[in-house]
Amino acid sequence: MLPQPNPAFVRPSADRTRPDLQGTFGMTASTHWIATATAQSVLERGGNAFDAAVAGAFVLHVVEPHLNGPGGDLTAVFATAADPAPVVLVGQGPAPAAATPEHFRAEGLDLVPGAGALAAAVPGAVDAWLLLLRDHGTWELADVLAPAIGYARDGHPISAGVVRTIGAVADLFRDHWPTSAERWLPGGAPPVTGDVVCNEPLAAVFDRLVDAGAGAGDEAVGGRASRIDAARREWAEGFVATTIDAFVRQPHRHSSGTDHAGVIRAGDLAAFRATTEPATTATFRGHTIAKTGPWGQGPALLQTLRMLEPLDDERLDPSTELGAHTIVEALKLAMADRDAYYGDGTVPLDALLADAAVAERRALIGDTASDAFRPGSVPGVEPALPPLRTSYVVTGAAGVGEPTVPGARRGPVDERAEVPVEDRGEPFVAPDGDTRGDTCHIDVVDRWGNIVSATPSGGWLQSSPTIPELGFCLGTRLQMTWLEEGTASTLRPGERPRTTLTPTLVLRDGVPVAALGSPGGDQQDQWQLLFLLRWIVGGYTPQQAIDAPALHTTSFPGSFWPRTWDPAGLVVEDRLGDDVVAGLEARGHVVTRAGDWSLGRLCCVTRDPSTGVLGAAANPRGAQGYAAGR
């Protein structure tokens, strides 16, 4: 049964961009149609949701190289048909052993750069996917990797988003990153949308993983699991690790405008293995929302939902002036707590989610927009706060013509033109490779009740020079750490940067009913919040909730270089309406209009435990995300 609209909410549009898919066999939704089709094909051939998700995810490495890659990271939340308890897959690698604040300062840096191998955390995505496949999948690795190998070796039509990204950094590639130019500028120019592009070195890397597993033999103790473990060892200790080690020792241009060598070494990769852990949860209106721990930003969504839960329904509608204002003010408070307390150490999350603390934070939501940074207080804890700056001056950055880095939240002349592209819903890619908001996502549910929501990211083609023997580059997740001492997310060797990757699993009566997520950096949980409010409270269908006008606040320090903020900043889709926007401005919000269809790139799958009916929906913005199923 489809939900019924809540009369306290603006009625959803009768015109949907896409149907709400329904069926009983299996459903997939992702940020690229080829990955969706690949995952669905696995379900059709008898694989389960985990086989399908892993196959689709490796295809995402190939077809969305500007959004993720094998050199990046991953978080996922999943549940199995046998055990509905939500589990987090931890594919966020730590800082290398030599990545210390002292080293960065000795290099003349006061921020971790947004592009360049010095910002690389240990790649975690590949090992995490293999761990999920080993423990919960059913297929052999060779079969799961076959689609990705085929698209890398035989080619696939390159999408407009990849072409735009390559064009944005073409001069950087030509002038400073020749290996990236060789890979992504065939004939010296960016490819054209629809050109069939291949990546033979990447196909060969995947072949090595398959061959390592095959070398374990059919008679190996542990069988299939041992073969996958052999592939994991090859990834962490073999050709990939030694090649990365050798390549990053050569200094190259970073987004700081200066040249540096990377500090990641083969031993860092050998020391890392992905893990799983229980999800962090909170309840909201009869549902359990499952997220990562506070080593990621996920619990900020839980804090926001807890603040909003007892409020009247009309204050929870993002499509009204009152609702949008209330939601944004709650988000500011939660994100301030994120920046003050979250990290890969001891985080007082129980205290932050406690009833008294939540009520105290809720009471701070006033009638006008706050332009202050207001983290909560926790008895016995005195957090060191991150720097607050609205702009960052850099000289000599590759491809940057002005001293103030593009992407500062607002500009002195043409404010709309200065708003970074990520704030309009698309990834922001500066000419120096500085990137914000780049990620992809995949959700899968099967007929048995296995369900997974995963957000792979990092290692995108513009993050650092392509390693020619591997066909991919490293990520830049360390830019989410601070070099200042004592903050919750200060750079510390062996600790994970506080990632923005934040997939969501929703349960009702202890059973999963939805998996969802979105690209978007700091916006990921903000856009998911709008979906949850419209779906759980507003009675929207999943596709209606995805289609509805979106918004987000920028009134907190960004997680991406150069880590600036926009006090009272609010970015909205124009479809929110002139009257609503005027009302928000009258309340003191500094509003940027982003166009009609520009914010949010959500997708989701659903399951009704009482009927077994499955569903899926996907984002129409950008004309790339897709859902499929039956």
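When reading the values below, keep in mind they use all heavy atoms of this one structure, side chains included, and skip hydrogens, waters and symmetry mates. Throughout, numbering of the chain's residues begins at 1 and tracks the sequence.
Counting only N and O atoms by type, the side chains of S559 and R498 include a donor and acceptor under 3.5 Å apart. In the model, T36 has no side-chain atom that pairs as donor or acceptor with a side-chain atom of T28 under 3.5 Å. Side-chain polar atoms of T487 and E484 form no donor-acceptor pair below 3.5 angstrom. Residues E64 and T31 bring a donor and an acceptor atom of their side chains to less than 3.5 Å of each other.
Here R338 pairs with D522 in a salt bridge; the nearest charged N to carboxylate O distance falls below 4.0 Å. Taking 4.0 Å as the cut-off between side-chain N and carboxylate O, D339 and R563 do not count as a salt-bridged pair. The pair R496-D73 does not meet the salt-bridge criterion, since no charged nitrogen lies less than 4.0 angstrom from a carboxylate oxygen.
What you find for L316 and I327 is that their closest heavy atoms are O-CD1, 3.7 Å. The shortest non-hydrogen separation linking T455 to Q524 is CG2-OE1, 4.0 Å. Here the shortest heavy-atom pairing between G296 and Y342 reads O-CD2, 3.5 Å. S518 and Q528 get closest at one heavy-atom pair: N-NE2, 4.1 Å.
Without hydrogens or angle criteria, H441 side chain to G517 main chain gives a donor-acceptor distance under 3.5 Å. Put simply, the side chain of R285 gets close to the backbone of E309: a donor and an acceptor are under 3.5 Å apart. When atom types are taken as modelled, the side chain of R575 and the backbone of D596 share a donor-acceptor pair closer than 3.5 angstrom. In this structure a side-chain-to-backbone donor-acceptor pair under 3.5 Å is present from E573 to L599. The main-chain N or O of G376 is found under 3.5 Å from a side-chain atom of D337 such that the two form a donor-acceptor pair.
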task = Would you please test R362 and L311 for side chain to side chain contact (heavy atoms under 4.5 Å, CB included) and show each step?
result = CA-CA 10 Å; R362 186 187 303 118; L311 301 181; 3.9 Å; yes
ask   = Can you list the steps and then say if L570 with R587 is a side chain to side chain contact (heavy atoms under 4.5 Å, CB included)?
value = CA-CA 12 Å; L570 175 60; R587 290 176 181 266; over 6 Å; no
inquiry  = The test is side chain to side chain contact (heavy atoms under 4.5 Å, CB included); show your working for V162 and W460 and say whether it passes.
reply    = CA-CA 10 Å; V162 184; W460 42 67; over 6 Å; no
inquiry  = Could you walk me through whether S453 and T504 satisfy the side chain to side chain donor-acceptor pair (under 3.5 Å) test, starting with their C-alpha distance in whole Å, then the side-chain angles of each, then the deciding distance to 0.1 Å, before giving a yes or no?
reply    = CA-CA 6 Å; S453 171; T504 300; over 6 Å; no
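The side-chain heavy atoms of L516 and L532, taken from C-beta on, include a pair separated by under 4.5 Å. Looking only at side-chain heavy atoms (C-beta outward), Q297 and M480 stay at 4.5 Å or farther from each other. Residues R16 and T541 have side chains in contact (heavy-atom distance under 4.5 Å, counting atoms from C-beta outward).
The cationic atom of R601 (NZ for Lys, CZ for Arg) does not lie both less than 6.0 Å from the six-membered ring centre of W527 and within 45° of the ring axis.
How far CG of D566 is from OG1 of T553: 8.0 Å, rounded to the nearest 0.5 Å. The OG1 atom of T17 lies 10.0 Å from the CG atom of D15; values are rounded to the nearest 0.5 Å.
Exactly one of D574, D578, V572 qualifies for a side chain to side chain contact (heavy atoms under 4.5 Å, CB included) with L576. That residue is V572. For the pairing with S457, the side chain to side chain donor-acceptor pair (under 3.5 Å) check across T500, T439, T75, T499 returns one residue only, T439.
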